[in-house]
2 protein chains.
Amino acid sequence: MNRPENYNTKQRKAIMNYVAALNGEHITAGQIMKHFDEKNFLIGLSTIYRHLDRLVESGKMRKYTLDGVSGACYQYIIDEDIREYFHLKCEECGALLHLKCSMLDEIQQHVYEEHTFHINAMKTVFYGKCAECFNGD
Amino acid sequence: MNRPENYNTKQRKAIMNYVAALNGEHITAGQIMKHFDEKNFLIGLSTIYRHLDRLVESGKMRKYTLDGVSGACYQYIIDEDIREYFHLKCEECGALLHLKCSMLDEIQQHVYEEHTFHINAMKTVFYGKCAECFNGD
DNA sequence: CTAGTTGCAAAGAGTTTGCATGGCG
DNA sequence: CGCCATGCAAACTCTTTGCAACTAG
């Protein structure tokens with residue numbers, strides 16, 4: 001095992017608790033920084049970025065860019081079971097839905113056969129509009 | 001009318017011709033800059049941004065951000081029947097490939113029918129590994 | 001001529017990196 | 001005590017803005 005040990009520092013605990021408590025709402029690094037600033041909890045911006053990156057890499061969070069939002073958005077994945085599925089992100093209301101259906105295997109298969117590309121479902125996000133936002137236009 | 005006159009400068013013509021000739025593929029401001037640099041055509045980055053902004057405002061181009069692509073992407077709208085592509089982004093080498101195939105309509109159709117979600121193909125990026133990087137592992 | 005346009009430099013916003021110090025285990 | 005993590009500052013990337021010089025019409 002060359003997996004590095006995870007040190008359970010104050011900062012790490014604080015960030016983990018905070019993002020897990022967001023109930024799936026997305027957040028930016030700057031917003032997290034601001035939150036801790038206001039509580040007079042000392043933490044460096046780079047520490048926040050470092051933890052967010054780790055969480056994304058381990059599949060516990062997703063990272064997005066949303067048009068009209070400055071900076072990357074991060075979102076904690078509450079249900080561990082849905083990590084391996086594709087996700088649908090509503091560009092309008094920000095809802096994150098997971099997509100689990102028979103066609104996904106087909107898509108992966110197809111893209112592999114026709115384009116020799118191996119899709120990583122965990123990282124892939126479909127953008128678009130959910131039913132409510134689409135009708136509301 | 002308070003619409004200002006459009007001066008037909010060298011730079012403006014060069015940019016217009018270039019983006020119109022891209023056949024609907026997206027491009028970043030930096031790529032445009034690089035293109036003209038290589039042709040030893042003097043043009044300022046800010047000039048490029050200014051023209052792109054105008055084109056977006058007048059509805060001739062679309063601006064969006066793609067996960068995994070640094071900087072904003074611009075796409076010239078050829079006609080009302082805009083070409084849409086999905087993108088494949090290699091997590092390893094960073095290559096960005098365009099994906100255009102028969103299955104895309106099916107995917108969109110399926111996701112709409114089964115999940116009432118309207119996919120925005122242009123913005124969606126599949127992550128994974130391209131053939132070279134997959135084999136090289 | 002003269003008002004819009006240009007290139008440059010500087011300023012901003014978001015993110016990453018190098019490094020000495022600090023603290024978990 | 002050994003390492004990883006941390007905060008800070010600096011570096012970097014992308015984009016915007018101010019400005020004096022320039023140029024199309």
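Lettering follows sequence order; numbering is per chain, from 1.
Distances shorter than 4.0 Å separate some side-chain N or O of B/R54 from OP1 or OP2 on C/dT5. Within the 4.0 Å cut-off from OP1 or OP2 of C/dG7, at least one side-chain nitrogen or oxygen of B/Q11 is found. In terms of phosphate contacts, B/H51 brings no side-chain nitrogen or oxygen within less than 4.0 Å of OP1 or OP2 of C/dT5.
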Every protein N/O lying under 3.5 Å from an N/O of nucleotides 10-14 of chain D:
residue, atom, partner, partner atom, Å
D/dC14, OP1, B/S70, OG, 2.6

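Out of C/dT6, D/dT15, D/dG7, the shortest distance to the side chain of A/R50 is found at D/dG7. Listed nucleotides D/dC3, C/dG7, C/dG4 differ in distance to B/I43; the shortest reach to its side chain belongs to C/dG7.
The shortest distance between side-chain heavy atoms of A/Y74 and A/D53 falls below 4.5 Å.
Across its full length, the helix from C/dC1-D/dG25 to C/dG25-D/dC1 shows an angle of 30° between the axes of its 5 terminal pairs at either end, rounded to 10 degrees.
Using a 4.0 Å heavy-atom criterion, one finds that A/L42 contacts the sugar-phosphate atoms exclusively. Across all strands, A/S46 comes closer than 4.0 Å to base atoms (heavy-atom distances).
Within 6.0 Å of atom CD in A/Q31, more than 12 heavy atoms from other residues, nucleotides or ligands are found, so the atom counts as buried in its surroundings. By the 6.0 Å contact criterion, CD on A/E25 is open, its count of non-hydrogen atoms from other residues, nucleotides or ligands being 12 or less.
Hydrophobic clustering (ILVMFWY, side-chain heavy atoms < 4.5 Å, transitive): B/Y112 and A/Y127 are in distinct clusters.
Contacts of B/F36 classified as side chain to side chain contact (heavy atoms under 4.5 Å, CB included), with partners at least two apart in sequence or in another chain: B/A14, B/I15, B/Y18, B/I32, B/F41, B/I43.
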